[in-house]
A.B. asks: 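To start, I am sharing the structure in question, which I have written as structure tokens.
Only this structure's heavy atoms are used, side chains among them; waters, hydrogens and symmetry mates stay out. Naming: A, B, ... by sequence-line order, numbering from 1 per chain.
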Protein chains: 2
Amino acid sequence: MLRIVIADDHRLFAEGLADALNSVPDMRVVGVVGDGNELAGFLERQPADVVLLDLEMPGGGMEALRRLPAGVPALMVTMHATPEVYRDAVKRGAQGVLSKSVPLAMLAAAVRAAADGKTLPWSATELEAELAVYSSPKLDPGAAALTAREIEILELLARGISSTEELAERLYISQKTVKNHLASIFQKLSVSDRTQAAIEAIRLGIAKPK
Amino acid sequence: MLRIVIADDHRLFAEGLADALNSVPDMRVVGVVGDGNELAGFLERQPADVVLLDLEMPGGGMEALRRLPAGVPALMVTMHATPEVYRDAVKRGAQGVLSKSVPLAMLAAAVRAAADGKTLPWSATELEAELAVYSSPKLDPGAAALTAREIEILELLARGISSTEELAERLYISQKTVKNHLASIFQKLSVSDRTQAAIEAIRLGIAKPK
DNA sequence: GGGGTTTTGGGCCTGTGGGCCCATGGCCGA
DNA sequence: TCGGCCATGGGCCCACAGGCCCAAAACCCC
């Protein structure tokens, strides 16, 4: 799970992006700050794996970038992505620069790459090639341990198929087998009933409600 | 449920905002377009209750505004909210102008006001006074029927507090009362157990997982 | 002040969920 | 080929969930 801090004074953008990133299975936004001067202090109290910085913000995006604690990967996200901005940002320690016009999936990939310590290239073609590796979420170890059948059951569960009887019917297996799978799921997800399992499945992005 | 269309070529912003608005109980983003020229055509196929327009976009925000079908409330959302922009936008039929720096809750209130046909004032103080009326979501008929206590229980449920015992402890009431509330919730949401209730609560935006 | 709703609680009963044990056959990789 | 995981089932037990009926105090609105 990658912990992300967003530094952007445009609250609609920041809050929206936070929601969007939280719906990506392997990411969690742990903080939003609206002022570049607050960022360094905030990161002392709240460790993060990646910081997303707006270029245009109070306190200055470039300035905030320069004052980041060493070793914290940062991505500059800006309306005005130019080669000059890229050069300056990378010189000051950023892992890359992204336009606010890129799709969410590309940002997610870039965040994974940044967390991995990669410095992203500027050119669009190289960038796409680089990010292809990071396109899919690195799921939690817990989630990864789930078997195919278990995931299938979780998907149904998250869609509201909650009774043992109906689950068994949908999967053409006995109710006993369903209960066995569920018991295994509970253990792997560290939960104690199917309600918590459904919530956890939704939270992990394994399954979506409806 | 208010249907919203977002017109903005900054995909990160648009997708993020879409997620954020979808998590507001009474709103649903039904479309995102990245070009002002596409907007009018899109709205013919997909009716909307409110349109959110970016000022700075291909095709021109003001231009797109002018070409909106009559009677569709529109809000201009922009980095550069100035009195001049406000004057021009309102003259062209917009219900108001909001800076991208406002919090999500204010946008949500503004959307409700716009859907109601209100034209929003420019000055911040008047705006706040006007939006106070629209601060709380117009819930779904089904959701609206839920009582305060029932919502409280649903929130806990969606956070993984699933056993009757723990729910009772958290709320300082007897387990019997918890079960009674749950029975009432099941009926109102047309579900049959707490797993489905938790999922429905998340889906309706009444509660968020964790 | 009186009639709705909400919140609180009781009793009772049945069905289901979840814990724990075990067994078999299939499949895959070392 | 053998040991491992997986999917499939069985039996058993008990606690808990959910259904149904009812009741009283609190609250709020007209």
A.B. asks: Check whether any side-chain heavy atom of B:Asn180 sits under 4.5 Å from a side-chain heavy atom of B:Lys176, and report yes or no.
C.D. replies: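 In contact.
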
A.B. asks: Output one letter per nucleotide in nucleotides 14-19 of chain C: B when a protein non-hydrogen atom lies under 4.0 Å from the base, S when only the sugar-phosphate is that close, - when neither is.
C.D. replies: ---BBS

A.B. asks: Quick one: list whatever passes ring pair (Phe, Tyr, Trp, His ring centres under 6.0 Å) with B:Phe42, sequence neighbours left out.
C.D. replies: none

A.B. asks: Nearest whole Å is fine: how far is C:dT5 C1' from B:Glu150 CD?
C.D. replies: 11 Å

A.B. asks: Just list the side-chain donor-acceptor pairs under 3.5 Å for residues 64-73 of chain B, sequence neighbours left out, or say none.
C.D. replies:
residue : atom : partner : partner atom : Å
B:Arg66 : NH2  : B:Glu63 : OE1          : 3.4
B:Arg66 : NH2  : B:Glu63 : OE2          : 2.9
B:Arg67 : NH2  : B:Asn37 : OD1          : 3.0

A.B. asks: Separation of B:Leu167 atom CG from C:dT7 atom C1', in whole Å?
C.D. replies: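 These atoms are roughly 16 Å apart.
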
A.B. asks: Which whole-number value in Å describes the distance from B:His181 NE2 to C:dT6 P?
C.D. replies: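 Distance check: B:His181 NE2 to C:dT6 P gives 11 Å.
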
A.B. asks: Starting at atom CG of A:Leu171, determine the distance to atom P of D:dA7, rounded to an integer number of angstrom.
C.D. replies: 11 Å

A.B. asks: Could you tell me how the ring of B:Phe13 sits relative to the ring of A:Phe13: parallel (under 30°), tilted (30 to 60°) or perpendicular (over 60°)?
C.D. replies: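 Parallel, since the angle between the ring planes stays under 30°.
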
A.B. asks: Do A:Ser162 and B:Arg194 pair up side chain to side chain, a donor and an acceptor below 3.5 Å, judged on atom types alone?
C.D. replies: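 Their side chains do not contain a donor-acceptor pair, so the 3.5 Å distance test is not met.
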
A.B. asks: With distance as the sole test, does A:Asp193 use its side chain to make a donor-acceptor pair with the main-chain N or O of A:Gln196 at under 3.5 Å?
C.D. replies: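 The answer is yes, because a donor-acceptor pair under 3.5 Å joins these two groups.
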
A.B. asks: According to a strict under-4.0 Å criterion, is B:Thr177 in side-chain N/O contact with OP1 or OP2 of C:dG9?
C.D. replies: yes

A.B. asks: Find the distance B:Ile153:CD1 to D:dA17:P and express it as a whole number of Å.
C.D. replies: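 To the nearest whole Å, that distance equals 13 Å.
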
A.B. asks: If I take atom CD1 in residue B:Ile173 and atom C1' in nucleotide C:dT8, what distance separates them, rounded to the nearest angstrom?
C.D. replies: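 After rounding, the reported distance stands at 8 Å.
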
A.B. asks: Just how far, in rounded Å, is C1' of C:dC21 from CD of A:Gln187?
C.D. replies: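 Answer to the nearest Å: 14 Å.
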
A.B. asks: Who passes side chain to side chain donor-acceptor pair (under 3.5 Å) against B:Ser174, sequence neighbours left out?
C.D. replies: B:Thr177

A.B. asks: When the C1' atoms of the five terminal pairs at each end define the local axes, what inter-axis angle does the helix from C:dG1-D:dC30 to C:dA30-D:dT1 show, to 10 degrees?
C.D. replies: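 The end axes of the helix from C:dG1-D:dC30 to C:dA30-D:dT1 are about 60° apart, to the nearest 10°.
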
A.B. asks: Return the set of residues passing ring pair (Phe, Tyr, Trp, His ring centres under 6.0 Å) with B:Phe186 (not counting sequence neighbours), or none when no residue passes.
C.D. replies: none

A.B. asks: For D:dC5, does either OP1 or OP2 sit under 4.0 Å from a side-chain N or O belonging to A:Thr147?
C.D. replies: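 The answer is no; no side-chain N or O of A:Thr147 sits under 4.0 Å from OP1 or OP2.
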
A.B. asks: Among side-chain atoms of B:Thr195 and A:Thr195, is any donor-acceptor pair under 3.5 angstrom?
C.D. replies: yes

A.B. asks: From CG of B:Asn180 over to P of C:dT6, roughly how many Å is that when rounded to an integer?
C.D. replies: 14 Å

